[in-house]
Amino acid sequence: MSRRTVLGSVVAAGAALALTASPAQALVWSSSDQWGNYTTSDGYVLYNNIWGSGAGAQTIWANSSSNWGVWANHPNTGGIKSYPNAKKVVGRSISSLSSLSSSYNVTVPSSGAYNTSYDIWDTNYANEIMLWVNYNGAVGPLGGSIGNVTLGAHTWTVYVGSNGSNNVYSFLRTSDSTSGTVDILSILKWMKNTKGLIGDVTIGDVQFGYEITSSSGGLDFVTNSYSVSSS
């Protein structure tokens, strides 16, 4: 699972990114630094986040908070290498929210081992809620399945587990999707009110990105659009 964001100095690197970015836009930022991060003018944080052992090279680039991507060349070995992502901080308890939703549109490779996922945290980092919208290769969630449920306009297989530091709740979409909108609040309310898995926690980070296990030879992951809205 992804590690808590630790903001360090931003290292800008333009290497090999011009071919990846849209020709109609100029890059506003790129980084090959392990912890490279960038805060956009509309309050999103982009984070390269190479945290797993045995990782290879990875470069994150951005045209904007909603249009960004990653080139990653991680070896074909087990274990998660990175979770490059964009996040928005919500800072509201579940009961105080009247809406929390997100839209995504991605282009992902047909090879490699990865998942495209939301990683949602409470402010105490005690509960991690992952929403896998697509996945490929030898990857799988922590814990055991408690069945399928249709929530937030998607049908998921739900897993409950722990990584030793925090609870992990993984919702795996029963069929892959590269675009859509997720009603996140309906999932949180189901967890709190219907299943009693979490209390009235304060939602902190809503992250969206690519949990990459392997991408040997170099693969591109592109976020064509992404947004989070809450009230």
Side-chain angles (χ1 to χ4, degrees), residues 1-2 20 22 44 46-47 49 60-72 74 80-88 90 97 99-121 128-143 145-161 168-191 194-195 197 203 205-215 219-230:
M1 301 300 116
S2 66
T20 306
S22 166
Y44 291 80
L46 294 159
Y47 187 33
N49 194 21
I60 188 171
W61 57 266
N63 292 321
S64 66
S65 61
S66 63
N67 177 215
W68 61 276
V70 171
W71 175 87
H74 297 302
I80 299 162
K81 310 301 190 302
S82 66
Y83 180 61
N85 68 85
K87 80 169 184 179
K88 185 79 167 180
V90 175
L97 286 164
S99 68
L100 175 58
S101 64
S102 179
S103 295
Y104 62 92
N105 183 299
V106 300
T107 301
V108 291
S110 58
S111 59
Y114 64 87
N115 66 68
T116 304
S117 57
Y118 288 90
D119 207 8
I120 300 163
W121 295 86
E128 179 180 14
I129 302 157
M130 298 200 75
L131 313 177
W132 294 26
V133 297
N134 62 62
Y135 42 99
N136 191 74
V139 295
L142 288 174
S145 171
I146 61 170
N148 288 6
V149 64
T150 299
L151 292 166
H154 302 262
T155 301
W156 318 87
T157 303
V158 184
Y159 293 81
V160 176
V168 181
Y169 306 97
S170 301
F171 291 70
L172 276 61
R173 202 175 187 278
T174 55
S175 61
D176 284 344
S177 168
T178 55
S179 64
T181 298
V182 183
D183 179 357
I184 296 172
L185 184 58
S186 70
I187 295 171
L188 298 174
K189 285 184 173 180
W190 177 82
M191 294 179 68
T194 304
K195 303 300 287 185
L197 296 171
I203 301 302
D205 301 354
V206 176
Q207 304 170 359
F208 178 80
Y210 310 96
E211 196 173 53
I212 305 171
T213 293
S214 67
S215 54
L219 297 176
D220 287 306
F221 301 79
V222 180
T223 305
N224 302 305
S225 64
Y226 162 66
S227 64
V228 176
S229 61
S230 62

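Model, not experiment: these values are computed from the prediction.
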Under the 3.5 angstrom rule, does the side chain of [X] hit a backbone N or O of [Y] as a donor-acceptor pair?
X    : Y    : value
H154 : L172 : no
S82  : P84  : no
W156 : L151 : yes
S214 : G112 : no
T194 : M191 : no
S215 : A72  : yes
S102 : S227 : yes

Atom pair [atom1] ([X]) and [atom2] ([Y]), whose distance is rounded to the nearest 0.5 Å:
X    : Y    : atom1 : atom2 : result
I120 : E128 : CD1   : CD    : 10.0 Å
N49  : K81  : CG    : NZ    : 14.0 Å
I129 : I203 : CD1   : CD1   : 5.0 Å
R173 : L131 : CZ    : CG    : 11.5 Å
L97  : L188 : CG    : CG    : 8.0 Å
N85  : E211 : CG    : CD    : 10.5 Å

Item to check | Pair N134-D176, side chain to side chain donor-acceptor pair (under 3.5 Å): steps then yes or no | outcome: CA-CA 4 Å; N134 62 62; D176 284 344; 6.0 Å; no
Item to check | Check against side chain to side chain contact (heavy atoms under 4.5 Å, CB included), N115 and V133 | outcome: CA-CA 8 Å; N115 66 68; V133 297; over 6 Å; no
side-chain hydrogen bond (donor to acceptor under 3.5 Å, both in side chains) involving [X] - partner list, sequence neighbours excluded:
X    : result
T213 : none
Y104 : S177
S65  : D42

Exercise: do [X] and [Y] side chains pair donor with acceptor under 3.5 Å:
X    : Y    : value
N105 : T178 : no
T157 : N148 : yes
S101 : S229 : yes

Checklist entry - Where do V139 and N136 come nearest, in terms of heavy atoms and distance? => result CG2-O, 3.7 Å
Next on the checklist: Using every non-hydrogen atom in the two residues, find where A113 and A138 come nearest and quote the distance to one decimal.
Outcome noted: CB-N, 3.8 Å
Checklist outcome for this item: Sequence neighbours excluded, the answer for side chain to side chain contact (heavy atoms under 4.5 Å, CB included) partners of T155 is T150, T174
Next on the checklist: Please tell me whether F221 and Y114 form a close aromatic pair, meaning their ring centres lie under 6.0 Å apart.
Outcome noted: yes
Checklist entry - Taking the six-membered ring for Trp, are the ring centroids of W190 and Y169 within less than 6.0 Å of each other? => result no
Checklist entry - Looking at side-chain heavy atoms only, is the closest gap between Q207 and W121 below 4.5 Å? => result yes
Checklist entry - Taking the side chain as C-beta and beyond, is there a heavy-atom pair between L100 and V228 under 4.5 Å? => result yes
Item to check | Name of the residue among Y83, W68, Y226 meeting ring pair (Phe, Tyr, Trp, His ring centres under 6.0 Å) with Y210 | outcome: W68
Checklist entry - With Y118, which residues qualify under ring-ring contact (aromatic ring centres under 6.0 Å, His included), at least two apart? => result F208
Checklist outcome for this item: Residue set satisfying ring-ring contact (aromatic ring centres under 6.0 Å, His included) with Y135, at least two apart, ordered chain then number -> W132
Checklist entry - Are S170 and L142 close enough, and set up right, to give a side chain to side chain contact (heavy atoms under 4.5 Å, CB included), and what steps lead you there? => result CA-CA 8 Å; S170 301; L142 288 174; 5.5 Å; no
